[in-house]
There are 2 protein chains.
Amino acid sequence: MRLENTPKARRIEAKRGYDDACGLAHALELVGERWALLVMRELMLGPRRFSGLKADLPGISANVLAQRLVELEERGLIRRTRLPPPASVQVYEATDWGLDAAPLIRALGKWAVRSTRHDPGQQVSPVSIMMSMQTMFDALAAGDFGPRAGFLFGDVGYVAEPREGEIHVERSGLEGCDFVVATTPEELGAVLYGDAPLETLAISGDTELARRFVTLFTLPPKVEPAG
Amino acid sequence: MRLENTPKARRIEAKRGYDDACGLAHALELVGERWALLVMRELMLGPRRFSGLKADLPGISANVLAQRLVELEERGLIRRTRLPPPASVQVYEATDWGLDAAPLIRALGKWAVRSTRHDPGQQVSPVSIMMSMQTMFDALAAGDFGPRAGFLFGDVGYVAEPREGEIHVERSGLEGCDFVVATTPEELGAVLYGDAPLETLAISGDTELARRFVTLFTLPPKVEPAG
DNA sequence: CCGTATCCAATAAGATACTG
DNA sequence: CAGTATCTTATTGGATACGG
């Protein structure tokens, strides 16, 4: 016999769940809480520290972030590790299964930006904008154009490199890049997806490669108002 | 200048959002509320009435369902329509854009069932189990085997028909099916994904076609405990 | 710097009863 | 059947203080 659905009976269950064997319902129990999927997003390009996560999730409070990290770890989506010396700091990183969420995260984003209500004017994190490049990459436009593109947000570097119809992105040092853009996620977004000219960005290295590079990304069309 | 982040300042904003231009964050503003994506799931195979939705979402309360439907309509994901006479009842149906969420819903489900914590023993709705057939369909095993398979849950019929590497599913009358299975979602799930023998199902029509049909669906492997 | 603990205010969700 | 209305409970977020 099932438990009665009273507040008291529910309290002894782990937490509010959906009594539903459907995979989707389980997905929502794994990452359906507020902030959870955004935390996962921030871990998709490599391990992060607590303070970095907090800084890149505007509005999350330390206690909520800490709680999400505990839950995601319990569920096997992330793990807590210590970076090798000399850094030796504690970081959070996605497990292999957690990393499998990356295509889902990109697909959700691609679907959602078709909304007419989407406001691209707000803050974005470096991870967001770098993942958006994977999402919005136009392989046809790129052909076999494949420069090694560096992006520097403050003191964190990312490298993007088109190859074989996809674009590989990783957090990394910027050695060997054909060009390096030092910018903010918002400025970069305005060039990639808005009207801002390339000249608003501080670019070192081969500017002409950069000029072509930023044309490789296109937003999907908005939903027609009729729906 | 931005609004201060005080309770009072927040109250004049529409609701709790993520101040984040990332597409994922917007997706969560569209369908991130509790139950929202499950409501969308129920609409992926055609229009539904309020009471049907409430019945197939175990544990949702009428007020929360009503609120979600209003929100999803405002956001352009569903619309409220009236079925043509003689039915003339009001139903909810997904917009074209809303229907585009179907692959996302399936992908989320497929990813989540790899969790070792997933318990397939709970209730499922007819829509869940029929969508799971699309998710778990093994095109290789099917080859060009493509019977017209009927499923009857109470008085609601669905037809599934493999063709060209996919499996088409729709809510529909069961005329012209090669076989019809009258069952519950749970019983069907036990045969498709568990050990239950075909004989637990009430089948009319060509049982041998049904016997092969139920072998075409396989769950993805569980995540190894190490993560 | 990296969190944990505590407390309060504001929302969201749930149970239940009720109406057209 | 298709929801509202009302009340209770749970979760969230924000602030702040504190410990390793």
Side-chain angles (χ1 to χ4, degrees), chain A residues 2-19 25 28-29 32-39 47-73 78 80-83 86-92 155, chain B residues 2-20 28-29 31-39 42 47-73 78 80-83 87-93 155:
Chain A
R2 281 177 56 121
L3 287 172
E4 279 186 303
N5 218 1
T6 63
K8 192 155 195 176
R10 295 197 68 96
R11 206 172 314 142
I12 66 175
E13 300 177 32
K15 51 173 32 192
R16 253 184 230 173
Y18 307 93
D19 293 340
L28 295 172
E29 288 175 358
E33 280 120 1
R34 193 163 156 74
W35 296 108
L37 215 44
L38 295 176
V39 172
R48 302 289 308 270
R49 304 175 61 167
F50 188 93
S51 55
L53 293 172
K54 183 158 182 335
D56 283 346
L57 295 169
I60 199 171
S61 55
N63 48 8
V64 172
L65 176 56
Q67 193 183 327
R68 289 296 164 273
L69 290 168
V70 167
E71 292 160 357
L72 293 172
E73 186 177 21
I78 70 173
R80 202 176 285 245
T81 58
R82 194 162 287 278
L83 243 42
S88 294
V89 300
Q90 182 181 267
V91 293
Y92 297 89
D155 56 358
Chain B
R2 284 175 58 117
L3 285 173
E4 278 187 304
N5 218 0
T6 63
K8 193 153 194 177
R10 294 197 69 95
R11 203 174 315 142
I12 64 175
E13 301 177 33
K15 52 175 28 193
R16 246 183 233 175
Y18 306 95
D19 294 338
D20 193 326
L28 295 173
E29 287 174 1
V31 294
E33 279 119 3
R34 193 162 156 75
W35 295 111
L37 214 44
L38 295 175
V39 172
E42 289 299 317
R48 303 289 308 271
R49 304 178 60 169
F50 188 94
S51 56
L53 292 171
K54 183 160 186 329
D56 283 345
L57 295 169
I60 199 172
S61 56
N63 48 6
V64 172
L65 176 55
Q67 193 183 327
R68 289 296 163 274
L69 290 169
V70 167
E71 292 161 356
L72 292 172
E73 187 178 20
I78 69 174
R80 201 176 288 244
T81 59
R82 195 161 288 278
L83 243 40
S88 293
V89 301
Q90 181 183 269
V91 293
Y92 297 89
E93 87 184 308
D155 57 358

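Per chain, numbering begins at 1; letters A, B, ... match sequence-line order.
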Practice prompt. Quickly work out the A:Asn63 CG to D:dT16 P distance and round it to whole Å.
Written response: 13 Å

Worksheet item: So does B:Ser51 get a side-chain nitrogen or oxygen closer than 4.0 Å to the phosphate oxygens (OP1/OP2) of D:dA2?
Response: yes

Worksheet item: B:Ala36 and B:Leu72: which non-hydrogen atoms are nearest, and at how many Å?
Response: O-CD1, 4.1 Å

Item to complete: Can you figure out which of C:dA13, D:dT12, D:dG3 approaches the side chain of B:Gln67 most closely?
Response: C:dA13

Worksheet item: Given atom CZ of B:Arg68 and atom P of D:dG3, what is their separation to the nearest angstrom?
Response: 16 Å

Worksheet item: What is the minimum heavy-atom distance between B:Val91 and B:Leu83, and which atoms define it?
Response: CG2-CD1, 3.6 Å

Worksheet, complete the sentence: Which of C:dG14, D:dG3, D:dT12 is nearest the side chain of B:Trp35? It is C:dG14

Fill in: A:Ala62 side-chain proximity, nearest of C:dT4, D:dG3, D:dG13
C:dT4

Discussion item. What is the distance, to the nearest angstrom, from the CG atom on A:Leu57 to the P atom on D:dT12?
Written reply: 15 Å

Worksheet item: For the pair made of CG in A:Leu65 and P in D:dG14, what is the distance, rounded to whole Å?
Response: 13 Å

Worksheet, complete the sentence: Between B:Lys54 and B:Leu65 the two heavy atoms that sit nearest each other are N-CD2, 3.7 Å

Discussion item. Any side-chain N or O of B:Gln90 below 4.0 angstrom from OP1/OP2 of D:dC1?
Written reply: no

Worksheet item: Given C:dG14, D:dT4, D:dA2, which nucleotide is nearest the side-chain atoms of B:Arg49?
Response: D:dA2

Worksheet entry | Spacing of B:Lys54 atom NZ relative to D:dC1 atom C1', expressed in whole Å | 12 Å

Worksheet item: Quick one: B:Arg34 CZ to C:dG14 C1', roughly how many Å, whole number?
Response: 10 Å

Item to complete: Would you indicate which nucleotide in D:dG3, C:dG3, C:dG14 comes nearest to any side-chain atom of B:Phe50?
Response: D:dG3

Fill in: Protein-nucleotide distance (A:Ile60, atom CD1; D:dT11, atom C1'), rounded to Å
14 Å

Practice prompt. Kindly indicate whether a cation-pi arrangement holds for B:Arg80 with B:Phe50, taking the cut-offs as under 6.0 Å to the six-membered ring centre and within 45° of the axis.
Written response: no

Response to the item:
Tightest non-hydrogen contact, residues B:Glu71 and B:Arg68, listed as OE1-NH1, 2.9 Å

Worksheet item: How many Å lie between CG on B:Leu38 and P on C:dA13, as a whole number?
Response: 13 Å

Worksheet item: Between D:dG14, D:dG3, C:dG3, which one does the side chain of A:Tyr92 approach most closely?
Response: C:dG3

